[in-house]
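Take a look at the structure below.
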Amino acid sequence: MDLPKEFQSGYDHTDTEEPLYSQWEESGYFNPDICIDKGVTEKDSDPFSMVLPPLNVTGVMHVGHAAMTTIEDILIRFARMRGKRTLWIPGTDHAAIATQSKVEKILSKEGVRRSDLGREKFLERVEEFAQNSHSTIVSQLRSIGGSLDWSREAFTLDEKREKAVREAFKRMYDLGLIYRKDRVVNWDPKGQTTVSDDEVLHEESTGTLYTFRYSKDFPVPIATTRPETKVGDTAVAIHPDDKRYNEYIGTTHEVEFAGSQLSIQIIADESIDPEYGTGAVGITPAHSMTDWEIAERHDLPLKQVINEYGKMENVIEELEGMKTKDAREWVVEWIKENDLMENTEEVNINVSKAERSGGIIEPLPKLQWFIDVNKEFTLEHSEIEGIDSGSKVTLKQLMASVVKSGEVSIIPPRFEKVYFNWIDNLHDWCISRQIWYGHRIPVWYKGDEMHVGHEAPGDEWKQDPDTLDTWFSSGLWTFSTLGWPEKTDDLLTYHPNSLLETGYDIIFFWVARMILMSTCLLGEIPFKDVYFHGLVRDKKGQKISKSLGNNIDPVDIIEEHGADALRMALIIGTSPGNDANLDLDDVRGYRKFANKVWNIARFIFMNIPDEYNHSEKPDLSVKYQNYLTEIQEKAEEITEHLNNYRLHLAAEETYHYIWHRLADEILEESKDDLYSDNADIQQEAIWTLVELVSISLRLLHPIMPFVTEAIWKHMPTKERDFLMVENWPIEE
RNA sequence: GGGCGCUUAGCUCAGUUGGUAGAGCAACUCGUUUACACCGAGUAGGCCGUAGGUUCAAGUCCUACAGCGCCCACCA
């Protein structure tokens, strides 16, 4: 066969990949409905659905995103070729705090603060920024070859998702699961907002543990690392069995400490460790989460002495307005001057910081919105294994049970432990934020009246100024992208999702929250399988970070070596849940592989006789029959690997077969027959080789879609217009 | 304080259910005007972290230990 022009030399990804992606897109095959219309997918075949973890509109993609997209695209293409109704929904996440602080940083370079602009103007700037990021991200997803259904693209902050958010909020409020209360929250003084427990990072550090008494006649010494908060104490707690102090339980003492009049009750609480410090803890209900919980149990009064800016308040004049750090020194001095200090000791402490802003968390009492994870409610409708419709459940129980029963299965399974451990320690989720970018809390106030719903009941009603934690809307993602709360066909067909593929770093933030939302609101699991991939590190195994300057831009790699090569490098040598290193030498190697595949096909096509008809199968000698049996077995193995999410093994097997078996051996062993004068022998050889390359290309397509599709255009065995919708070599 | 992962060829890592070790890269030798130098043929290189145990058989299962890394946890 005469080779077409583009086939006369080596493979060049630069003039292949972009046009191919456009052709795929124009074909409509990324959309399962069109696949059915065009007859490449059976109307009643099994669905296979997945969402792309929505990418934050904070910036551009990095190699980690490229790896994620690659893994998902491989599984999606595999499912599509197996004839499933395959849906993969793209989307972006507004990433509230992250995006807002990014834009604030940009503005600060212009010398502008958000308060200078006001809410509306500021939000315009954020949206402009988000829009730009979005365009970049979308083009990056395309360049990697992601076969996403763009017609269903979603954004966590678009109109449809807003509807879902408000509906979810209202339903959970009506169930009593969302409540508004004054309680101690993680306050980030730098970001000027609350954050959830999961957004707080604990850093090891050293500090001083001060042991002292409030006053000379106070019966028990206490120990603390934060003396400045002690002006807000309302109790001292001891263990009920602690013989040293239990005669004082139930007594109240009026003391004057650091200029403040304190009324200290001595109470007994099981949570106190008699071994630590003095065994007596000064309880500061307003400025410590655990103290607040103790205070709740004992109905203790609360006294706030630190404000939202991390400064002292409600204290004597000398301290008023002082930063906590300076106040600590002042109070320590006061203790010493009054001869109350009994001991000081260097100890390890944890410093709690806000994940995004780096601000040091100040626990403060604030009126906020929460999701109650322990409250019992009636799950009206349930399709969850082991939980009947109408059962009394808590969110914690729901979250635990679907994983315990195996209805949601986690890969690799070791992450189940991590998940359960998180649930065991779970507290109510603070969902309100004081930032501007995000879903406004769907609650309106008029005087003492409150309305929860989709819109304001009237003109005089004022909406809550706060916004929702970004993970509230992300938690709805598996069904908000399918049209919920409408009962759409998509929702019926594609929910629960078949698979969720994401990084293990967001197991709590996102995976757990999706399970919470879906089980609660739909009475359904959000997905059947969860596959966790690891982090992508640099060649030396170092974490990729700006400060190390080892950032690798996937777009640069794609331009230089091609998306296929990058995809292969990101898959081979990795295993589920483990971090992987990306070495550019590997990418170069796989680029060679793409060229190799190209040349294998070129060689075979060159040797196809002009009047060739592949449907006329010749009689095959044992040698050629064996080649076919062998590839069939290979294909079964590879299929098995893909079915079990062992992508790295599938890729390796495919690579190895094509290069070192098909090219190095089979092609060489067939050359004599190809050049034979005997037409039958020639026919036998070429027919088998065409068959082998046809199967090979189909096996390789999910992993290296571009080069395989480019070759497929010239395949004599082609049944459909694109390889991406051809049948997988192994039937289910 | 609790939990998890890793430790296998010079480097980076695979090794699904236990059957006397694999890949890529690097190195070395040789070859090639005939699909591909983005090539081929070949060579060398490993008490599979340490110590025990289970088993006919262990890189693979169990126990302990060590080094490295990670996650969770507000001992005030």
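Per chain, numbering begins at 1; letters A, B, ... match sequence-line order.
Residue A/K417 places at least one side-chain N or O closer than 4.0 Å to OP1 or OP2 of B/C4. Between A/H202 and B/C71 there is no side-chain polar atom (N or O) within less than 4.0 angstrom of OP1 or OP2.
Pair assignment for B/U17: none, as no Watson-Crick or G-U wobble contacts are both less than 3.5 Å. When Watson-Crick and G-U wobble pairs are counted only if both distances are under 3.5 Å, B/A23 pairs with B/U12. With a cut-off of 3.5 Å on both pairing distances, the Watson-Crick or G-U wobble partner of B/A66 is B/U7. Summarising the base pairing, B/G42 is matched to B/C28 through a Watson-Crick or G-U wobble pair whose two defining distances lie under 3.5 Å.
Cation-pi contact between A/K230 and A/Y214: absent, since separation from the ring centre below 6.0 Å together with deviation from the ring axis within 45° is not met.
Across all strands, A/N350 comes closer than 4.0 Å to base atoms (heavy-atom distances). Across all strands, A/K543 comes closer than 4.0 Å to no nucleic acid atom at all (heavy-atom distances). Counting non-hydrogen atoms under 4.0 angstrom, A/T224 reaches the backbone sugars and phosphates but no base. Residue A/N425 is classed as a sugar-phosphate contact, given heavy-atom separations below 4.0 Å to backbone atoms only.
Using cut-offs of 30° and 60° for the angle between ring planes, the A/Y590 and A/Y655 rings count as perpendicular.
A salt bridge between A/D188 and A/R356 is absent, with no side-chain N of the basic residue lying under 4.0 Å from a carboxylate O of the acidic one.
Side-chain contact annotation: A/D529 with A/S409, donor-acceptor N/O pair under 3.5 Å present.
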